[in-house]
Amino acid sequence: MIDVLPGTDRRPTDLYIDLPFRRYRHDPLWVPPLRADIRKLMSPKKNPLFAEAAIEHFVAFNEAGVVVGRISATIHHDYNSRFGEQHVFFGYFECENSQEVADALVAAVSTWALQRGKTSLIGPYSYTSTQDAALLLENCDGKPPTLLQTYNLPYYRTLLERAGLSLAFTFSTFGITSRPNGRTERLRKLGERLRERHRITVRSATRQDLKHKDEKTRSPPCAAGRRRTTALQIQFQGGTCGPRHTQHDPVLRAPLLFVQVLIAMLGTA
């Protein structure tokens with residue numbers, strides 16, 4: 001028996017945040033978020049998205065009262081209005097390798113969506129398509145994800161598909177490997193001269209730096225004048241993992257990640 005409860009109080013919120021730390025504690029590829037950041041994202045008082053979207057969090061418990069899954073549900077009203085959709089985004093999906101738990105989580109957000117007159121469930125989007133999105137299908141280079149790249153356990157795809165979701169679309173992430181050339185060497189020397197001329201020091205930020213209230217420290221002024229920019233067009237083809245690059249410099253590496261977004265059409269309430 002799986003119980004799925006809203007994660008609105010302090011205790012369920014703590015359990016919701018802690019779950020991936022337990023799930024991935026032995027996974028060297030998982031990059032843990034800052035707990036304080038996740039807590040701020042989940043706070044209606046600190047996350048402005050709550051002013052324009054309906055958001056709910058759900059936590060799944062087994063019979064022993066242990067947390068075995070979590071999921072979020074988001075209705076972004078402006079998105080649905082702009083694109084003529086009736087979507088509910090689901091996200092922050094974490095789950096034991098149990099179809100019963102996955103079914104219970106998907107059922108919880110589906111019921112929540114139907115109660116609000118929505119007809120489709122799409123994701124993972126945490127909370128929207130401009131944040132952590134999609135389900136990892138294949139990590140081609142075997143490296144940890146970077147900013148806004150998704151990461152999940154490999155069985156999540158099977159759990160969600162068996163819970164009634166199907167493919168909406170897929171996309172890939174590519175990396176660029178820089179090779180030193182005349183241009184990069186000139187830029188490096190220019191950077192050294194500018195640091196010496198303006199006595200610029202680059203160091204790691206501390207917690208106190210990030211809390212600093214001095215506007216000059218938090219938002220240093222940009223140099224006046226025009227900026228010259230150079231665009232580099234890189235052509236590539238999609239496909240499976242493997243060597244794939246152009247003759248340009250830098251080199252386009254093989255696809256790093258294949259991810260997918262899943263969708264389920266819901267019945268009428």
If you compare all heavy atoms of [X] against all heavy atoms of [Y], which two are closest, and at what distance to 0.1 Å?
X: C95; Y: A102; answer: SG-N, 3.6 Å
X: G123; Y: F90; answer: N-CE2, 3.3 Å
X: Y151; Y: L136; answer: CD1-CD2, 3.8 Å
X: G7; Y: V59; answer: CA-CG2, 4.3 Å

Which residues pass the side chain to side chain donor-acceptor pair (under 3.5 Å) test with [X], not counting sequence neighbours?
X: R188; answer: E185, E192
X: D3; answer: none
X: S126; answer: none

Can you find a pair of side-chain heavy atoms, one from [X] and one from [Y], that are under 4.5 Å apart?
X: R70; Y: L105; value: no
X: P32; Y: Y24; value: no
X: I122; Y: V88; value: no

Give a yes or no on whether a salt bridge exists between D14 and R39, defined as a side-chain N under 4.0 angstrom from a carboxylate O. yes
Report yes or no: does S110 contribute a side-chain atom to a donor-acceptor pair with the main-chain N or O of V106 at less than 3.5 Å? yes
Checking the side chain of R199 only, and the main-chain atoms of R195 only, is there a donor and an acceptor separated by less than 3.5 Å? no
How long is the gap from OG1 on T150 to CD on Q131, to the nearest 0.5 Å? 12.5 Å
Taken to the nearest 0.5 Å, the spacing of H198 NE2 from R193 CZ works out to 11.0 Å
Between W30 and F21, does the ring centre distance come in under 6.0 Å? yes
Do F89 and Y127 have their ring centres less than 6.0 Å from each other? no
Quick check: is [Y] connected to [X] through a chain of hydrophobic side chains (ILVMFWY, heavy atoms under 4.5 Å apart)?
X: Y155; Y: L29; value: yes
X: V66; Y: L19; value: no
X: L49; Y: I17; value: yes

Measure the acute angle between the ring planes of Y79 and F83, then classify it against the limits of 30° and 60° as parallel, tilted or perpendicular. tilted
Parallel under 30°, tilted from 30 to 60°, perpendicular over 60°: which one fits the rings of Y92 and H57? tilted
Taking only residues at least two apart or on different chains, which pairs with a member in residues 45-55 satisfy side chain to side chain donor-acceptor pair (under 3.5 Å)? E52-H76
List for me each residue that meets side chain to side chain contact (heavy atoms under 4.5 Å, CB included) alongside A108, sequence neighbours excluded, and say none if there are none. V4, F58
Please step through side-chain hydrogen bond (donor to acceptor under 3.5 Å, both in side chains) for the pair Y16 and E94, ending with a clear verdict. CA-CA 9 Å; Y16 186 99; E94 299 290 351; over 6 Å; no
For atom CZ of R22, is the number of surrounding heavy atoms from other residues, nucleotides or ligands below 6.0 Å larger than 12? yes
Once salt bridge (charged side-chain N to carboxylate O under 4.0 Å, His left out) is applied, do any residues pair with R35, and if so which ones, sequence neighbours excluded? D18
